[in-house]
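What's counted below: heavy atoms across the whole structure, side chains too, no hydrogens, waters or symmetry copies. Just so it is clear: chains get the letters A, B, ... in the order the sequence lines come, proteins before strands, and each one is counted from 1.
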2 protein chains.
Amino acid sequence: MKKRITLKHIANEFEVSIATVSKALNDSYEISVKTKEKIQQYARAHNYKPNSVALSLLNKKTKTIGVIIPNIMNNFFAKVFVGIEEKAAEKGYSLISCISNESHEKELKTMELLKNGTLDGFIISLAEETQEKEQYQHLKNAINEGVPLVMFDRVTDEITCDKVIVDDFEGARHATNHLIKTGCKRIALISVIDNLSVGKLRAQGYEQALIENNITINPKHIVKIGKNEDFETAMKIVLADKTIDGLLCLEESSAVQSLELVKRMKYQIPENLSIICFTNGPLPQYVSPKITTISQHAKYIGETAATMLIKRLESTTEIPFETKVVKTSLIERESTKKLA
Amino acid sequence: MKKRITLKHIANEFEVSIATVSKALNDSYEISVKTKEKIQQYARAHNYKPNSVALSLLNKKTKTIGVIIPNIMNNFFAKVFVGIEEKAAEKGYSLISCISNESHEKELKTMELLKNGTLDGFIISLAEETQEKEQYQHLKNAINEGVPLVMFDRVTDEITCDKVIVDDFEGARHATNHLIKTGCKRIALISVIDNLSVGKLRAQGYEQALIENNITINPKHIVKIGKNEDFETAMKIVLADKTIDGLLCLEESSAVQSLELVKRMKYQIPENLSIICFTNGPLPQYVSPKITTISQHAKYIGETAATMLIKRLESTTEIPFETKVVKTSLIERESTKKLA
DNA sequence: CTGAAAGCGCTAACAT
DNA sequence: ATGTTAGCGCTTTCAG
């Protein structure tokens, strides 16, 4: 085990000062070509790497971004993370990543912990619990302390900062419209995420589409299922209404589960019942029939968030805060009828 | 935007030395109770946080672990990551994470980049390309430079370090045996990962089970499908042999795809054809029939890897290298027959 | 062309 | 009980 070599070692080796070595390695014009060459060569041979901790201390920049994500097992967040990672790596930033696991406390603690100089800025999507409790003090603190922040997907109006969000309202509205255009008349909304900002927006988009099409909103068709309720039981209650001919599921797992259920109940899909769900992960495309989904362009969201943050970090001037809204796309598959 | 407060500020405030402030905040016996109280209170009021970069420079420890993962969209790796994260957070470590994206170059570059003092150690699973090319110089370098390393899942004998691996051989052997016990006589092996160490081990386990049961190994039943080959075409060629009554798929997506295919071909599952696959992700359990899987205990692997690394980092004495082998579990579902 | 000195924020041994 | 000094590894004036 050879230990890491420092400027000091090199300086001793050639009996010059540390400053000279530093300059030589930075190819300063102040140093003679001869000296530069021998020092650079020695450094290369001994695999010298500047200690980035020392540089961070000096520059008060760590070139590191903190990423706080509610749940990496969620396909959407995993994809966003990939986007962030790619952009960050491209721009020479490292990522310190934390999984809040939907816990407010974990989110808060890691933010406090990391605001100690290790990070230049944060990219965060709020934990479910944070959105439920509406406790945003930790975010306000970060802002106050001048730590740049970019929020994505699960955001809040309480905080003024850069944001990247999905056009959830429009995505749901468009999907609902699509169901209607393909002949569905009685569409149920299945939400297991009504505690999330995005869940609420999607529900609003659904209602808007119904209104625009002069369809009366039937509260019985709006199914909000909590963590502790049994999904299948709740679904059976809705599906007792045999006239239901469309399902808009606000995330993928409820769509896949519903699909299994209605298949067992002998529905023909999409003939008697159409299904669309949010989140374009592997699940909806591996089941049969393949489920039509609303893509949120997760990776692009990640890239955008990273780009926004890095731009702010590297800007010398003040930049006004921005909220970027990413449009969704409907990916038609087998669970919906074709447009005539 | 208030700026981060330092010991110096506090020292100025009370007209004492920086050392006094430092000691006061560390509750040193050297400092009078009065002084301690007023300084601590001031620090709290002004939200003082020690600058961890300065501390890292001083202690030559960053309390940060680098995690290099081939692909976070892969359910197995995502789960391992969760395990690592949980353990690391518990022990007060942060994670710098990189996705190698199966690229040797990305893996190599990030390792070189991060070996600059930012990290205390690495947890890594090799990129596919690294295993194919068998280029391990970057890992050897890390070892030589005294950077502790823990490898998991995709490892190599070329490197001597702590390892956490799955008992892939035994998992495949056990699964194959299970198929045989439930009546399967002609079992095909479906591998899209024969370029990976784990893929090879699983294939060996399969063969071992056949040998033990006096079943002749039929090369036509061993299907290795490369990245550029069409999965469905390859499967149809195998399934032209109508006597095949079992499939052992070495990862989940090929199992799900096979399932769809054989369902279309009107096989009854598990009556005429049984299926088992590796990796216990959501996919196999959401399809119908639910697929029997081999769980690798991904999260536990992550926890173990993190524990091993941290133990080494915090140990003052030399610890011999260890390889922990995690046993798989068979999770029986609907795609296999019940044992009599 | 090279070096001495200061400083990034902090701790610890050593005065006083 | 408090302060001084040195140093972690590096860059950057400013002198020489």
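For DNA chain C, the residues of residues 5-17 of chain B within the heavy-atom distance limit of 4.0 Å (strictly under) are B:Thr6, B:Leu7, B:Lys8, sorted by number. Of the residues in residues 55-64 of chain A, those placing a heavy atom less than 4.0 Å from an atom of DNA chain C are A:Leu57, A:Leu58, A:Lys60, in numerical order. Across residues 37-46 of chain A, not one residue has a non-hydrogen atom less than 4.0 Å from an atom of DNA chain C. Taken residue by residue, residues 20-31 of chain A places heavy atoms nearer than 4.0 Å to DNA chain D at A:Ser22, A:Lys23, A:Asn26, A:Glu30.
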(request) For salt bridge (charged side-chain N to carboxylate O under 4.0 Å, His left out), just list the numbers for B:Lys133 and B:Glu105, CA-CA rounded to whole Å, side-chain angles, deciding distance to a tenth of an Å, and then say yes or no. (result) CA-CA 11 Å; B:Lys133 295 188 176 170; B:Glu105 194 186 332; over 6 Å; no
(request) Show the numbers, then the answer: is there a side chain to side chain contact (heavy atoms under 4.5 Å, CB included) between B:Leu139 and B:Met151? (result) CA-CA 10 Å; B:Leu139 301 166; B:Met151 303 183 73; 4.1 Å; yes
(request) Evaluate side chain to side chain contact (heavy atoms under 4.5 Å, CB included) for B:Leu119 paired with B:Lys115, printing each intermediate quantity in order. (result) CA-CA 7 Å; B:Leu119 291 183; B:Lys115 277 188 330 192; over 6 Å; no
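Residues in residues 65-83 of chain B take part in no salt bridge (Lys or Arg N to Asp or Glu O under 4.0 Å) pair, two or more places apart or across chains. The side-chain hydrogen bond (donor to acceptor under 3.5 Å, both in side chains) analysis of residues 14-23 of chain B, with sequence neighbours excluded, yields the pairs B:Ser17-B:Thr20.
Between the side chain of B:Asn59 and the backbone N or O of B:Lys61, no donor-acceptor pair lies under 3.5 Å. Remark: the backbone N or O of B:Ala24 is paired with a side-chain donor or acceptor of B:Gln40 at under 3.5 angstrom. Side-chain atoms of B:Gln131 come within 3.5 Å of backbone N or O of B:Val155 as a donor-acceptor pair. Without hydrogens or angle criteria, A:Glu128 side chain to A:Glu102 main chain gives no donor-acceptor distance under 3.5 Å.
Aromatic ring orientation, B:Phe76 versus B:Phe152: tilted (interplanar angle from 30° to 60°).
For A:Tyr42, the OH atom sits in a packed shell: over 12 heavy atoms of surrounding residues, nucleotides or ligands are nearer than 6.0 Å. Other residues, nucleotides and ligands contribute at most 12 non-hydrogen atoms within 6.0 Å of the CG atom of B:Asp157. Around NZ of B:Lys49, the count of heavy atoms belonging to other residues, nucleotides or ligands within 6.0 Å exceeds 12.
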Under 3.5 Å, side-chain donor or acceptor atoms of residues 62-70 of chain A against the rest of the protein: list the pairs with distances, not counting sequence neighbours.
unit_1, atom_1, unit_2, atom_2, d
A:Thr62, OG1, A:Thr64, N, 3.4
A:Thr62, OG1, A:Thr118, O, 2.9
A:Thr62, OG1, A:Asp120, OD1, 3.1
A:Thr64, OG1, A:Thr62, O, 3.0

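The side chain to side chain donor-acceptor pair (under 3.5 Å) test applied to A:Glu134 returns no partner, not counting sequence neighbours. Residues passing the side chain to side chain donor-acceptor pair (under 3.5 Å) test with A:Lys91: none are found, sequence neighbours excluded.
Chain B approaches DNA chain C within less than 4.0 angstrom (heavy atoms of the protein), and the contacting nucleotides run 5' to 3' from C:dC8 to C:dC14. For DNA chain D, the contact window with chain B, defined by any atom under 4.0 Å from a protein heavy atom, covers D:dA1 to D:dG9 in 5' to 3' order.
Computed from C1' positions of five pairs at each end, the angle between the two local axes of the helix from C:dC1-D:dG16 to C:dT16-D:dA1 equals 60°, rounded to 10 degrees.
For the pair A:Lys87 and A:Glu90, the salt-bridge criterion is met [side-chain N within less than 4.0 Å of a carboxylate O].
Checking B:Ile18 against A:Ala19, the closest nucleotide of DNA chain D that is more toward the 5' end is the one next to B:Ile18.
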